[in-house]
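Here's the structure we're looking at; comments come further down.
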Amino acid sequence: MLEMNSRSYRVLTASLIYLVAIAGALTIATLRSRAKAKPETSTEPAYSETERRPSAKPFFSLSTHRTYGTSDNARLWVDYQGVDHLDFRVYQVKDPRKFFTQLKNPHQMGEHEEEEVASSLPHRKSFLERVRGFKRWAYTGIKAFVRGQLQHDSRQAFNQKFRKEADPIRTPLNVSDYARVPLLNPDLLVSSWREPLPPLENEYDQRMIPLGKRTPGVYLIEAVENDLRAYTVVVVTDLTMIDKTTRDGELLIYTVDRKTGEPRPGAQIEIVKEKKTVASGVTNNQGILRTKI
């Protein structure tokens, strides 16, 4: 009896969540349709378009959110304003260790541009921004709930069947483009193209740029528009690493093969802090390395 009550409670809870989500979506859609139907004669908006929009000065920045396996379609995201296209150059880093140790901060690239744009925006959010924040919160919650009900294999099969990415429209770059803005290193260039960028819905949106499947390695992505440049790093590897650190500085690292899910023995690991190697070692037969930092 207790088990039946518990099961009924879970079914009722799930049903209520779906009903609330559907009602919220319908309400928001109704409000948006009514807002579009009104004539644009209002003279007292919360923030006019000219007030909310930052300077017309061209701006763009690149970002990546994760690493990718060799069977994944690598991608990056671009934020931009005042540009209708970007020239992309993809370089494969020859010595990843040397590359990362020479960076001032290997975890952040382009934060100065983000601060520049943020300083030109109003700190007080308008009504539409608050509605958009609520929609994002609701979408994230519903997405997490649905993912919890479906297995990973089922989601992957659905995405491959119904959410195939369209082939991007790109123009190859030529010698004159390289002469205008020289390459960082012609020997390491693996691909380049010109990507058209349609206007975004607003300055808070992003556009995804697919890179396709790549061989294992570290790739430096350069975006160019006139004299402006932006960079980000894309890492392609079939090695997944999990690390745990204790308070006394003991570090446990567990390496796994992304494709098979099996431990990866013999993986060479080096821990670098402030451009100095503080620990190194090789994983054992269980893919585990214990060290002190």
Side-chain angles (χ1 to χ4, degrees), residues 54-70 72-121 165 168-198 200 203-237 270 272-275:
S55 172
K57 177 181 177 181
F59 160 81
F60 55 92
S61 64
L62 308 179
S63 61
T64 52
H65 302 161
R66 46 164 290 197
T67 62
Y68 296 93
T70 55
D72 298 331
N73 289 316
R75 61 191 66 181
L76 59 90
W77 278 259
V78 56
D79 298 85
Y80 59 92
Q81 297 172 11
V83 294
D84 57 5
H85 71 272
L86 287 175
D87 292 347
F88 285 90
R89 292 97 173 268
V90 181
Y91 308 87
Q92 186 167 9
V93 178
K94 185 176 181 180
D95 188 347
R97 179 190 177 278
K98 181 179 180 181
F99 173 78
F100 283 111
T101 54
Q102 288 181 344
L103 292 178
K104 183 177 180 181
N105 187 343
H107 301 289
Q108 292 182 345
M109 298 184 71
E111 65 274 12
H112 300 296
E113 292 86 351
E114 184 177 354
E115 293 174 359
E116 180 181 350
V117 173
S119 63
S120 63
L121 296 175
E165 297 176 358
I169 303 175
R170 293 172 172 174
T171 304
L173 300 180
N174 51 41
V175 177
S176 61
D177 297 313
Y178 296 150
R180 180 173 53 84
V181 181
L183 296 171
L184 294 177
N185 191 331
D187 297 333
L188 302 181
L189 182 70
V190 294
S191 61
S192 62
W193 69 91
R194 174 164 294 177
E195 182 91 18
L197 300 176
L200 295 174
E203 62 267 26
Y204 302 100
D205 284 343
Q206 291 182 321
R207 179 174 175 83
M208 187 269 291
I209 305 296
L211 300 176
K213 295 181 180 180
R214 301 277 174 171
T215 58
V218 176
Y219 296 88
L220 175 66
I221 315 299
E222 179 186 33
V224 178
E225 200 276 332
N226 290 331
D227 296 332
L228 301 178
R229 298 189 183 190
Y231 301 92
T232 192
V233 174
V234 173
V235 179
V236 178
T237 176
E270 184 175 359
V272 179
K273 182 179 181 181
E274 297 178 354
K275 299 184 179 182

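Every value quoted in this text rests on a predicted model; they were computed, and no experiment measured them.
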Taking all non-hydrogen atoms of both residues, which atom of [X] and which atom of [Y] are closest, and how far apart?
X	Y	result
Val83	Pro58	CG1-CB, 3.8 Å
Ala74	Val234	CB-CG1, 4.2 Å
Pro96	Val218	CB-CG2, 3.7 Å

Intermediate values then yes/no, side-chain contact (heavy atoms from CB on, under 4.5 Å), Lys94 and Asp187: CA-CA 10 Å; Lys94 185 176 181 180; Asp187 297 333; over 6 Å; no

CA sep, side-chain torsions, deciding dist, call: Arg75, Leu211, side-chain contact (heavy atoms from CB on, under 4.5 Å): CA-CA 5 Å; Arg75 61 191 66 181; Leu211 300 176; 5.7 Å; no

Using a 4.5 Å cut-off on heavy atoms from C-beta on, say whether the side chain of [Y] contacts that of [X].
X	Y	value
Asn73	Pro210	no
Val233	Phe99	yes
Ser61	Phe59	yes
Asp72	Arg66	yes

Under 3.5 Å: donor-acceptor pair, side chain of [X], backbone of [Y]:
X	Y	answer
Asn226	Leu228	no
Tyr231	Leu220	no
Tyr91	Leu184	yes
Thr70	Pro216	no

Distance from [X] atom [atom1] to [Y] atom [atom2], nearest 0.5 Å?
X	Y	atom1	atom2	answer
Leu62	Trp77	CG	CH2	12.0 Å
Asn185	Arg89	CG	CZ	12.5 Å
Leu86	Arg229	CG	CZ	13.0 Å
Arg207	Asp79	CZ	CG	12.5 Å
Phe88	Glu222	CZ	CD	10.5 Å
Ile209	Glu195	CD1	CD	4.0 Å

Steps toward side-chain contact (heavy atoms from CB on, under 4.5 Å) verdict (Glu270, Thr101): CA-CA 11 Å; Glu270 184 175 359; Thr101 54; over 6 Å; no

